[in-house]
Protein chains: 2
Amino acid sequence: MMKTVIGYGLLGGALIALLKVIEYRYLLVEHSLDIYGGIVAAIFSAVGIWLGLKLTRPRETVVVKEVRVAGPFARDDARLAELGITARELEILEAMAAGFSNREIAERLFVSENTVKTHAARVFGKLSARRRTQAVQRAKEARLIP
Amino acid sequence: MMKTVIGYGLLGGALIALLKVIEYRYLLVEHSLDIYGGIVAAIFSAVGIWLGLKLTRPRETVVVKEVRVAGPFARDDARLAELGITARELEILEAMAAGFSNREIAERLFVSENTVKTHAARVFGKLSARRRTQAVQRAKEARLIP
DNA sequence: CGCAAAATCATCCATTCGGATGACGCGGAG
DNA sequence: CTCCGCGTCATCCGAATGGATGATTTTGCG
């Protein structure tokens, strides 16, 4: 910025010097002072406008760009604790959401199907759900599972 | 805009007139042409800068703002047709995803529970699912439902 | 109109799910 | 040490779900 100002200052000085030359050169010949003043006014107005534009142009690039697609999912541990859902129950919940049957979940977690059922039943109670699809739906709404 | 330009034009004219008065008043007394030229240059430069600023100020409000959190969900009709899932079947699918039982869906859609079951069975077949939770999961992955 | 796809309803049967309840072991808090 | 929360497993039973199959009606389209 400082560089630019100095550059313009020097340019202005050069212009003034040039104008002086023109002044001495033509004024003594034929042109009146009125015309001379008009020319000076026009030139400096133009230079001023150009200068003003140059100095303010960079300010136009005020661009606010914010792009957000989809968060990677953050579990709502607060609500989780609030509902009293344990880690194991959450595991069963996730497996149910993935579409596994109680038996499959049992095999996957190395426990009996009965155990899965009790966990599931507790989850249903804590989520006030009567069906597993309902439990999954509510869990997703509550951001307990992705 | 036209009004502004005309206003500035008139103002410029008045300034020029004023300068002429100053010119005739002071030039005849003592000041040199150099000083006169400098004053004119300075004044018109200032006016020019001010004019340039005024004319370009409105352009500074160029703000590009793009905020996108989560898409409103676009159903993949292509895959839908690809799988041969009909509109009615999709309705049943959505209801299942919402956590409703076959009976509830039947009441909601004013059909018998048997009908819901057949629709559901077809959906399961088309999605290669054995359980409704699995069907829901796959439907969501395939962007058939939100 | 006449066909094909879709929607509707049904029956039978096996599996799965959900509800209620009881029990046992383990580890931490009081 | 004792109690409690959690995880584990079980049994009984009724409701819900899934599979297979057949039939009738409605609807869209050439």
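Only heavy atoms go into these numbers, but all of them, side chains included; no hydrogens, no water, no symmetry mates. Sequence lines set the chain letters: A, B, ... in the order given, protein chains first and strands last, and positions in each chain run from 1.
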Separation between CZ of A:F100 and CZ of A:R132, rounded to the nearest 0.5 Å: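 If I round to the nearest 0.5 Å, the distance is 11.5 Å.
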
CD1 on B:I145 to CD on B:Q137, rounded to 0.5 Å: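 The distance works out to 9.5 Å.
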
Please step through salt bridge (charged side-chain N to carboxylate O under 4.0 Å, His left out) for the pair A:R138 and A:E141, ending with a clear verdict. CA-CA 5 Å; A:R138 298 202 174 170; A:E141 281 177 352; 5.8 Å; no

For [N] and [X] - does any side-chain N or O of the residue sit under 4.0 Å from the phosphate oxygens OP1/OP2?
X	N	answer
B:N114	C:dA10	yes
A:R130	C:dG19	yes
A:T115	D:dA10	no
A:R88	D:dT8	yes
A:T118	D:dT8	no
A:R103	C:dT16	yes
A:N102	C:dC17	yes
A:R132	C:dG18	yes

Taking any heavy-atom pair under 4.0 Å as a contact, classify B:S112: base, sugar-phosphate, or nothing.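 Sugar-phosphate only.
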
If we ignore hydrogens and angles and just use 3.5 Å, is the side chain of B:K117 paired with the main-chain N or O of B:N102 as donor and acceptor?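 Side chain of B:K117 to backbone of B:N102, a donor-acceptor pair under 3.5 Å: no, none is there.
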
Checking contacts here: which listed nucleotide (C:dG18, C:dC9, C:dC17) is nearest the side-chain heavy atoms of B:R131?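 So the nucleotide nearest the side chain must be C:dC17.
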
Tell me which of A:S101 and A:R122 sits closer to the 5' end of DNA chain C, going by the nucleotide each one is nearest to.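 Upstream on the strand: A:S101.
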
May I have the distance from [X] (atom [atom1]) to [N] (atom [atom2]), rounded to whole angstrom?
X	N	atom1	atom2	result
B:I92	C:dA6	CD1	P	14 Å
A:H119	D:dA10	NE2	P	13 Å
B:E113	D:dA16	CD	P	7 Å
A:F110	D:dT8	CZ	P	12 Å
B:I105	C:dT8	CD1	P	13 Å
A:I85	D:dG5	CD1	C1'	16 Å
B:E89	C:dA5	CD	P	14 Å
B:E104	C:dG18	CD	P	13 Å

Starting from the 5' end of DNA chain D, give me the residue, A:A87 or A:K117, whose nearest nucleotide shows up first.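 Here A:A87 is the residue nearer the 5' end.
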
Between A:E82 and A:K126, is the salt bridge (charged side-chain N to carboxylate O under 4.0 Å, His left out) condition met? List the steps. CA-CA 10 Å; A:E82 183 184 324; A:K126 289 169 182 176; over 6 Å; no

